[in-house]
Amino acid sequence: MAVILQSEPFDPGQLLGSFCAGRRETGAVASFTGLARAEDGATMTLELEAYPGFTDAAIEDMAAAAAARFDLQDLLIVHRTGPIAPGEAIVFVATAASHRRAAFEACDHLMDWLKSRAPFWKKEHGPDGARWIEPTDRDRTDAGRWDEESKP
Amino acid sequence: MAVILQSEPFDPGQLLGSFCAGRRETGAVASFTGLARAEDGATMTLELEAYPGFTDAAIEDMAAAAAARFDLQDLLIVHRTGPIAPGEAIVFVATAASHRRAAFEACDHLMDWLKSRAPFWKKEHGPDGARWIEPTDRDRTDAGRWDEESKP
Amino acid sequence: MLLFGRLADVAGWREKIIEAASLSALRTRLAEADAGLGEALSGPSVQVAVDKTLTRGDLPLTATSEVAFLPPMSGG
Amino acid sequence: MLLFGRLADVAGWREKIIEAASLSALRTRLAEADAGLGEALSGPSVQVAVDKTLTRGDLPLTATSEVAFLPPMSGG
């Protein structure tokens, strides 16, 4: 299990290739790659601020809980920080499990949490200047699905 | 949109890398890689038989329907045929959409269909000989989820 | 005509050229040559494709028809 | 002490060393130096972390305490 915050661009293909390599007891690997959209030129650059030591600790706690909840064999989370150009990958999540339902649900769950609750601050630099972004209602709804499901 | 049946091994990382490259309006790429498990030595080799011209046509029809249903920007399905060794990838599905919910759901849906309803015949060669596999109840239940959802 | 999955194991072959004017005539000919195969082909779970299209009931065949008997599909 | 997101834009700085015996003393000192920042920090949506752990209410501080004011998190 690894959680990596980095300011350098990464290649999701390379990450998935390494993650899948040499597995003999894993039946299912789900992955998600979030890319920075150009939004028809409206967004020039995205900037993500993290609090080192706080943001990564929060993601690691969440990842450990998800690994236990979904009985994962392994997981990898790589998240960019700093300025991110359109078309570049922002986040990569891969989950490995015996069966596909667990791999999919864990990946979906981790992404919902990362997109709505992970301690990042996001700024969009566009043609009309810069603005700080807050979570959308959809993000909150998506993350809330898992709260409902975890009720006894 | 591409559907590929091939007897040669493939690298899921390379497929995801190419699939993600050069996208400026895609926010979300979900992928699934199905690997052949060793099952503690019980399965030596998996063998998948396809009916060329029938199997690929059925998958293409399904892929086109999923692309429309989930408003996908792109999708890629690569499926092995013939003998497959433990640890090797059997199937790779990637879906590209504006937002992650559509990408995840489409990928999940395609995999459920591929695992339970795609026209393949599967044989396991193990220490106790070879046997033909039929879909599990779990596969049928998973694929059935989508039938429920598509009712008016 | 083509056999897939366990049907090919039952028959001991995967592909053969057989003359028959219809699907029912083809089934009769196959059952005469190999009773075990005839029984395996008549099971309710076996589907038939003519020229790569699934079909039900009887159908006339031509010299170029491709008939495939498909046992339950396992998925990928 | 550290400011994140829009709070750093309001203040014009991200990081400063400030002496204060408690969180409330720190807030008073910041508000005296910059009323706009003082108001921004007191909003109900701003969380406070001391030594990278979220906290509520007042807390004594030492010379090595790291205080961070965190505006609503956007997710990644």
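On a predicted model such as this, the values are computed, not experimentally measured, just so you know. A, B, ... follow the sequence lines: proteins, then strands. Residue 1 opens every chain.
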Under 3.5 Å, which donor-acceptor pairs do the side chains of residues 82-96 of chain A form with other protein atoms, sequence neighbours left out?
unit_1: A:Glu88; atom_1: OE1; unit_2: A:Arg80; atom_2: NH1; d: 3.0
unit_1: A:Glu88; atom_1: OE1; unit_2: A:Arg80; atom_2: NH2; d: 3.1
unit_1: A:Glu88; atom_1: OE1; unit_2: A:Ala85; atom_2: N; d: 3.2
unit_1: A:Thr95; atom_1: OG1; unit_2: A:Ala103; atom_2: O; d: 2.7

Minimum heavy-atom distance A:Thr26-B:Leu35, with the two atoms named
O-CB, 3.3 Å
Can you find a pair of side-chain heavy atoms, one from B:Gln14 and one from A:Gln14, that are under 4.5 Å apart?
no
Note: vs chain B, highest number of non-hydrogen pairs under 4.5 angstrom among A:Ala30, A:Ser98, A:Gly27 is A:Gly27
For A:Phe10, check ring-ring contact (aromatic ring centres under 6.0 Å, His included) against everything at least two apart and list the hits.
none
Could you give me the CA-CA distance, side-chain angles and deciding distance for B:Arg101 and A:Asp112, then say whether side chain to side chain contact (heavy atoms under 4.5 Å, CB included) is met?
CA-CA 9 Å; B:Arg101 183 80 15 242; A:Asp112 279 350; 2.9 Å; yes
Any idea which of B:Ala21, B:Cys20, B:Gly34, B:Ala36 has the most non-hydrogen atom pairs under 4.5 angstrom with chain A?
B:Cys20
Are the aromatic ring centres of B:Phe104 and A:Phe104 under 6.0 angstrom apart?
no
Before accepting this row, confirm whether a basic side-chain N of the pair B:Arg100/A:Asp108 lies closer than 4.0 Å to the acidic partner's carboxylate O.
no
Have a look at A:Leu16 and tell me which of B:Thr33, B:Leu15, B:Asp11 forms a side chain to side chain contact (heavy atoms under 4.5 Å, CB included) with it.
B:Thr33
